[in-house]
Amino acid sequence: MTLRPVALAAALIAASIPLAAPALAQDAIDRKVDALLKQMTLQEKVGQLHQLSGAEATGPEAAKRASQNTEIRAGNVGSMLNIKGAKDTREAQALALQSRLKIPLLFGLDVIHGYKTVFPVPIGEAASWDLEAIEQSAQVAAREAASAGIHWTFAPMVDIGRDPRWGRVMEGAGEDTYLGSKIAAARVRGFQGPKLGATDRVMATAKHFAAYGAAVAGRDYNAVDMSLQQLYEVYLPPFKASVDAGVATFMNSFNTLNGVPATGSAFLQRDILKGAWKYKGFVVSDWASVKEMVLHGYAKDLPDAAVKAINAGSDMDMEGEAYIAHLAQAVKDGKVAQKHVDDAVRRILRKKFEMGLFDDPYRFSDAQREQAVLADPRHRAIARDVARKSLVLLKNDKINGNAILPLAKNAKSIAVIGPLADSRRDLEGGWVVSDVRGEVVSILDGIRNHAQGAQISHAAACAPGCATAEGFDAAVAAAAKADVIVLAVGETWDMSGEAKSRTDIGLPGQQTELFRRLKATGKPVVAVLFAGRPMIFNEIADNADAILYAWFPGSEGGNAVADVLFGDYNPSAKLPATFPRNLGQIPISYAQYNTGRPVTSEKDIVYRSAYIDSPNTPRYAFGHGKSYTEFGYSGVQLDRTILRPGQTATLSFELQNKGKVAGTEIAQLYIRDTVASVVRPVKELKGFTKVHLQPGERRRVTFTIDRDTLSFFNGDLKWGAEPGEFKLMVGSASDDIRLETTLHLQ
Ligand code: NOJ
């Protein structure tokens, strides 16, 4: 099946003819905002800073909803989350238009990897290293959400995650700050489009500001303690990249950073974000994170929390009770300067103008458009394309000289085994906002679609989670009759995501035992693993014949997996995060420091920076991912070996497809600054490129290196490059460097 996603994306735009917001110059918007601000009472201003989660209009929440409606009419609500659909958003908007100043509501929702069409979870998409595909995924999500009345998504999550115990690595782009920054910008572009206000795009949110991913011991919401060097170098750049891409909003985070809750951190929100970065959008708190400052022990009560949050630059109180109840009084008492409230309101109103909501508050809530857009079959085609680009081939052994994958389409018999083989809900992963699991293509469906002549047997063997081994005998007996076994195992959808930290990131339940039993049949076993995080699965890694890491691949997951299993798509994805061998290695990243006692040989670890019971090396390195073909790297050249001020250097090399099938390689550029005023990691990703080559084809590939490529934050947190020697490394993975050369910076 040939998909041309770029053409599809263009067609999507042409088909829907989105309405652009009226083109108002920024200063014209600012004048309108000021004029409106002058008419507002203090209470109405505070109302704009209040965001509520919509209660159900009927059933047990009906009374709560009725009181929310009263608040909206009174002008006490600036934004709602968790209300969706053209009809419901229209109804809620109508209430806001009954308020004295008729200021429209903003509707926000966690559209994390799709609204109706479910795309791979973000860490899976990140494995594609395909910025165009990722942008498109966000664009489709935005198009669907915007058709259902949503103005604003709480995505992308741009937190760097180096601890796979933390369940929210699922929502991010992995461990690397360079890759993470590129992906952050792509997602922002995809959600928002070139200019805010088109009715097929939504406002994006860079979250969670900041350092949330570094929670101690990988336990969600836990404290974060880190050097400013690390913060600036690793954790902040994806946020800065989001600002540069024009992200409309920021969300702060639940964690403390060096003792101060991020929600109450003026250092993060005023000094860095709104100060140094000159950010003009607004900051929404995380869910009740203003109130939680009391529990942190940072605010003595709710009124104190409100004061501390607004003074620190947190503009909107999500599902908060703090601002709406206490901010007006705090201003009257002189604890909060009026200018802080005005500034927060201005930032929010500006976005409402930019979204065109003052011209037509209902412009996103159009039931006809909703129906048409949500039924658009092209979204599924794009989801399938993105999903197959996200599947990482970790292993592909040869049996009698032939690689086990791809499977022959005319295979006689295939056993599709495992608790996730015919699961639909699990393939979607967490953060699904529309219940359309019935439309998901399971792995079994996908295999049946591809191998129509084959005899396909199926046994779940156990329920998701695989608590008991009761069904194993029957499954093993069925499998033993087949030529090849496809085993679908992994986490269930609800084992990663928010509040899903795990101390054991192995395969849950009895799934390893199931693998053992199947392997004992002597039949080749292809393991397809599902998860929202890197897992530890050493026995499968050692003994499976082939392994495909599928993450949670979304609505078209089964077709995408089968595309790869049968060779309709040659896998190209690379790991965006290190896969450890064991829990003790965590946190782990390829971008480590050399130390004064590096391990140069596993045979000599005495008084070295090593473990006595495990190698330092991971199970699978950052950047690893196999293809059905082989790529050769040769002929590295640098157009200059000395880089003087104002110059750029071009590194080039020849990439060759040495195999028999066409394939796509993601070539990676790493650098090492060998001596610096602050020691530098042994490798830092500084470039990558995806190259598609026909069998035998060669292409010269280039990377451009400038001063910025070689820069870092020094001991004074100043960005700059220091003269000296830089090692440049090009390879197929962080542990598979094929070419090296040296550049001197003057
Ligand atoms: C809490 C989560 O941390 C955040 O990412 C999400 O956007 C909000 N809840 C709203 O659902």
Side-chain angles (χ1 to χ4, degrees), residues 49-56 77-84 105-115 121-123 138 141-142 145 150-161 166-173 180 184 187-188 191 202-215 218-224 235 238-239 242 247-257 261-263 265 268 281-293 295-296 309 314-322 429-434 494 496-501 532-533:
L49 313 185
H50 184 210
Q51 187 185 52
L52 274 182
S53 177
E56 293 291 331
V77 183
S79 169
M80 306 279 291
L81 73 155
N82 296 336
I83 291 210
K84 62 184 172 68
L105 292 168
L106 276 177
F107 296 110
L109 189 71
D110 290 281
V111 182
I112 307 297
H113 54 117
Y115 177 82
V121 289
I123 192 171
I150 302 302
H151 306 132
W152 176 20
T153 178
F154 305 126
M157 185 188 100
V158 305
D159 298 309
I160 295 299
W166 189 51
R168 300 196 82 169
V169 294
M170 178 275 265
E171 296 172 54
R187 290 195 163 125
V188 170
F191 285 130
V202 294
M203 300 197 299
T205 308
K207 74 185 188 185
H208 307 84
F209 197 57
Y212 181 42
R219 202 179 75 216
D220 207 3
Y221 316 127
N222 205 1
V224 174
Y235 288 83
F239 288 99
S242 305
V247 72
T249 73
F250 259 56
M251 185 186 291
N252 58 36
S253 55
F254 288 125
N255 56 288
T256 55
L257 174 63
T263 306
S265 172
L268 286 172
F282 70 86
V283 181
V284 64
S285 78
D286 204 343
W287 183 282
S289 66
V290 175
K291 178 168 132 186
E292 286 178 13
M293 292 203 294
L295 291 166
H296 277 292
S314 181
D315 299 311
M316 185 182 273
D317 185 5
M318 176 188 283
E319 188 55 10
E321 296 150 27
W431 280 129
V432 168
V433 289
S434 312
D494 52 355
S496 59
E498 187 180 347
K500 300 291 193 280
S501 294
R533 52 156 62 83

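We count ligands from 1, going down the list as the structure has it; atoms in each ligand are counted the same way. We use all heavy atoms of the structure for the numbers below, so side chains are in, but hydrogens, waters and symmetry mates are not.
In this model, a donor atom of one side chain and an acceptor atom of the other lie less than 3.5 Å apart for T263 and N252.
Under the ring-ring contact (aromatic ring centres under 6.0 Å, His included) criterion, F250 pairs with F209, F239, Y279, not counting sequence neighbours. Applying the side-chain contact (heavy atoms from CB on, under 4.5 Å) rule to H50 yields the partners L52, V77, I324; only residues at least two apart in sequence or on another chain are considered. Under the rule for a side-chain contact (heavy atoms from CB on, under 4.5 Å), the partners of A215 that lie at least two apart in sequence or sit in another chain are N222.
Looking at heavy atoms from C-beta onward, D286 lies out of side-chain contact with K207 at the 4.5 angstrom threshold. Residues D220 and W166 meet the side-chain proximity criterion, which asks for heavy atoms closer than 4.5 Å.
Protein residues with a heavy atom under 4.0 Å from ligand 1 are L81, D110, F154, R168, K207, H208, M251, F254, D286, W287, M318, W431, E498.
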